[in-house]
Novice: 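Please read through the structure below; I'll follow up with questions.
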Amino acid sequence: MHDIKLIRDDAAAFDAALARRGMEPQSPALLKLDVQRREALGRQQEAETERNALSKLVGRAKASGDEAEFNRLRGEVDRLKTVLEESSEQAKHFDEALNQHLAALPNLPEADVPMGKDENDNQEIRRWGEPKALGFKAKDHVDLGEGLGQMDFEAAAAMSGARFVALKGGLARLERALAQFMLDLHTGEHGYMEVSPPYMVRDEAMFGTGQLPKFADDLFRTTDGRWLIPTAEVPLTNLARDAIHDDAALPMRMTAYTPCFRAEAGSAGRDTRGMIRMHQFQKVEMVALVKPEDSAAELDRMTGCAEKVLQLLELPYRVMLLCNGDMGFSAQRTYDLEVWLPSQDAYREISSCSNCGEFQARRMNARFRKEGEKKPAFLHTLNGSGVAVGRAMLAVMENHQNEDGSITIPAVLRPYMGGLERLEA
RNA sequence: GGAGAGGUGGCCGAGUGGUCGAAGGCGCUCCCCUGCUAAGGGAGUGUACGCCAAAAGCGUACCGAGGGUUCGAAUCCCUUCCUCUCCGCCA
């Protein structure tokens with residue numbers, strides 16, 4: 001959510017930044033609404049001032065028992081009513097129109113975010129690890145999982161439809177092991193506090209993080225009007241809503257292991273095979289609330305925390321700086337981690353770490369008070385996958401597969417697997 | 001799900017139609033006093049928006065949220081959210 005005052009101050013800069021999102025200039029329409037709103041508000045407040053003054057006189061007349069004066073004043077206030085009603089209705093109308101317009105505008109990309117249309121224009125920042133030469137033709141995780149008898153798409157589809165899977169035995173445990181490992185890493189080494197949040201939230205929460213009002217189609221809705229979270233970013237970030245935080249409490253780092261539910265409305269036909277794109281998947285998420293001056297460094301730190309997961313799992317990956325065209329609605333800067341998938345001979349997204357600046361904080365009114373300063377300021381929010389558990393599992397399967405279809409379990413996961421070193425049929 | 005009670009400023013807590021942004025207390029800030037500490041005295045202490053180049057200042061709104069009645073609402077009415085108690089149900 002953008003600050004109309006900043007747009008007022010420098011409309012050209014705002015439009016220029018929006019152009020980097022591929023958008024037409026919005027400031028003319030916004031500023032027009034802003035002027036209309038303020039004019040109406042001025043009229044309303046003037047009328048209210050007058051009404052308040054007169055009402056006091058009415059009260060006095062009544063108290064002193066002056067019936068004639070009482071009735072005369074009453075009539076006068078009565079006449080104000082029309083003006084009041086009209087102007088306040090207009091003020092409300094323009095205010096809502098302005099907010100609606102503002103709420104639909106995405107965050108502005110930082111100045112050095114590369115320009116581009118889609119993921120092909122993202123900029124590679126660095127690589128870690130070498131894709132292993134397997135010496136045989138890599139199987140994909142579906143063949144591996146079904147070969148183990150531990151990954152059942154058919155049974156899941158029968159009860160739930162496409163884009164669901166049932167894991168059994170060793171793979172079910174591997175998923176749990178991955179989650180445990182990631183949580184232990186982030187809470188133990190990276191200073192994140194573990195949170196177990198709600199998986200269903202209200203409209204306001206979805207608005208706060210930016211899923212609403214524009215992206216309802218990507219979400220599942222319950223019959224009583226709540227939404228299933230598409231990521232723990234939503235409940236974790238909303239923990240800060242409607243509050244003024246003590247600046248000593250910042251940075252606040254939180255992590256959660258949750259299911260994520262996505263309607264995948266726009267991705268029909270994409271990634272239909274396997275576990276890459278599911279309606280329901282597990283993810284360990286990181287969220288950080290920081291002071292504005294710390295958010296840039298925090299993004300690097302958070303990205304590093306996600307990288308650490310892949311390094312310890314011995315999974316080759318690369319870090320991409322997303323171009324403007326591939327960035328999410330609320331982000332001002334995003335790094336994606338892409339993990340190597342031998343079966344696809346390609347790197348695929350496994351984590352996405354974003355600095356949202358004060359964009360979300362404004363939407364949910366999450367502020368902090370600086371030591372010694374009177375006025376509360378909006379804090380900055382960041383979120384990142386640390387990492388997607390389902391995709392991590394298939395990356396482990398594919399990268400650590402053996403020719404016989406068994407899977408070598410990375411050393412770091414073995415304590416979580418009862419010491420097991422291999423998954424075998 | 002049924003029956004009842006509530007939601008007031010950082011906290012506690014008064015206030016059932018007028019001069020209430022809201023008594024009182026606690027906390028906090030500043031000042032005074034006091035040979036340490038403690039006690040005591042005084043002043044101040046919300047947020048948002050608008051007007052203003054800005055500060056000062058002025059205005060408006062805010063007593064969970066939204067709507068209504070009224071010349072005037074923290075106070076009356078409706079809706080809604082949340083909390084608590086009892087009963088029922090339940091992992």
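Every chain is numbered from 1 and lettered A, B, ... according to where its sequence line falls, protein lines coming before strand lines.
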Novice: With a 4.0 Å cut-off, would you call A:Arg333 and A:Asp300 a salt bridge?
Specialist: no
Novice: Please determine, for the side chain of A:Phe70, which listed nucleotide (B:C81, B:G18, B:C49) has the closest atom?
Specialist: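 Looking only at heavy atoms from C-beta outward on A:Phe70, the closest nucleotide is B:G18.
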Novice: Measure from CG on A:Asp242 to P on B:G7 and round the result to the nearest Å.
Specialist: 20 Å
Novice: Using Watson-Crick or G-U wobble geometry with both distances below 3.5 Å, tell me the partner of B:G9, or none.
Specialist: none
Novice: Please determine, for the side chain of A:Val58, which listed nucleotide (B:C49, B:C82, B:G18) has the closest atom?
Specialist: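 Selected nucleotide: B:G18.
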Novice: Would one find more than 12 heavy atoms of other residues, nucleotides or ligands at under 6.0 Å from atom CD of A:Gln344?
Specialist: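 Count over threshold, so yes.
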Novice: Is there a side-chain contact between A:Arg226 and the phosphate of B:C81, meaning an N or O under 4.0 Å from OP1 or OP2?
Specialist: no
Novice: Checking all strands, does A:Arg72 fall into the base, sugar-phosphate, or nothing category for heavy-atom contacts under 4.0 angstrom?
Specialist: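 Nothing, no heavy atom under 4.0 Å.
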Novice: Looking across every strand, which nucleic acid part, if any, lies under 4.0 Å from A:Arg8 by heavy atom: base, sugar-phosphate, or nothing?
Specialist: sugar-phosphate
Novice: Could you let me know what B:C90 is paired to, Watson-Crick or G-U wobble, both distances under 3.5 Å, or none if it's on its own?
Specialist: none
Novice: Using whole Å, what does the distance between atom C1' of nucleotide B:C51 and atom CD of A:Gln44 come to?
Specialist: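 Nearest whole value for this atom pair: 15 Å.
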Novice: Side-chain donor-acceptor pairs under 3.5 Å in residues 154-168 of chain A, sequence neighbours left out?
Specialist:
residue, atom, partner, partner atom, Å
A:Arg163, NH1, A:Arg270, O, 3.4
A:Arg163, NH1, A:Asp271, O, 3.3
A:Arg163, NH1, A:Arg277, O, 3.1
A:Arg163, NH2, A:Ser267, O, 3.0
A:Arg163, NH2, A:Arg270, O, 3.0
A:Lys168, NZ, A:Asp152, OD2, 3.1

Novice: Do the charged groups of A:Lys5 and A:Asp3 touch, with an N to O distance under 4.0 Å?
Specialist: no
Novice: When you check the gap from the basic side-chain N to the acidic O, do A:Asp95 and A:Lys92 get nearer than 4.0 Å?
Specialist: no
Novice: Between A:Phe329 and A:Phe359, is the ring centroid distance below 6.0 Å?
Specialist: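 Judged by ring-centre distance (under 6.0 Å), A:Phe329 and A:Phe359 do meet the cut-off.
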Novice: Within the structure, does a side-chain N or O atom of A:Arg202 lie under 4.0 Å from either OP1 or OP2 of B:C81?
Specialist: no
Novice: For RNA chain B, what residues of residues 47-56 of chain A have any heavy atom nearer than 4.0 Å?
Specialist: A:Glu48, A:Thr49, A:Arg51, A:Asn52, A:Ser55
Novice: So which nucleotide does B:A38 pair with, by the Watson-Crick or G-U wobble rule with both distances under 3.5 Å?
Specialist: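 Looking at the geometry, B:A38 pairs with no nucleotide.
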Novice: Any strand counts, and the cut-off is 3.5 Å on both contacts for Watson-Crick or G-U wobble. Which nucleotide pairs with B:A23?
Specialist: none
Novice: Between A:Arg363 and A:Phe207, is NZ or CZ placed under 6.0 angstrom from the six-membered ring centre and within 45° of the ring axis?
Specialist: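 Yes, A:Arg363 sits over the ring of A:Phe207.
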Novice: Taking any strand in view, what nucleotide pairs with B:A74 in a Watson-Crick or G-U wobble way, both distances under 3.5 Å?
Specialist: none
Novice: Any idea which of B:G67, B:U47, B:C49 is nearest the A:Lys92 side chain?
Specialist: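 That would be B:G67.
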Novice: Strictly by Watson-Crick or wobble contacts shorter than 3.5 Å, is anything paired with B:A14, and which nucleotide is it?
Specialist: none
Novice: Does A:Glu46 or A:Gly42 map to a spot on RNA chain B nearer the 5' end, using the closest nucleotide for each?
Specialist: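 Nearest nucleotide further toward 5': that of A:Gly42.
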Novice: A:Arg367 near the nucleic acid: base, sugar-phosphate alone, or nothing, with a heavy-atom cut-off under 4.0 Å?
Specialist: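 Sugar-phosphate: the residue A:Arg367, judged by heavy atoms under 4.0 Å, touches backbone atoms but no base.
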Novice: Searching all strands shown, indicate the nucleotide that pairs with B:A61 (Watson-Crick or G-U wobble; both distances under 3.5 Å).
Specialist: B:U47
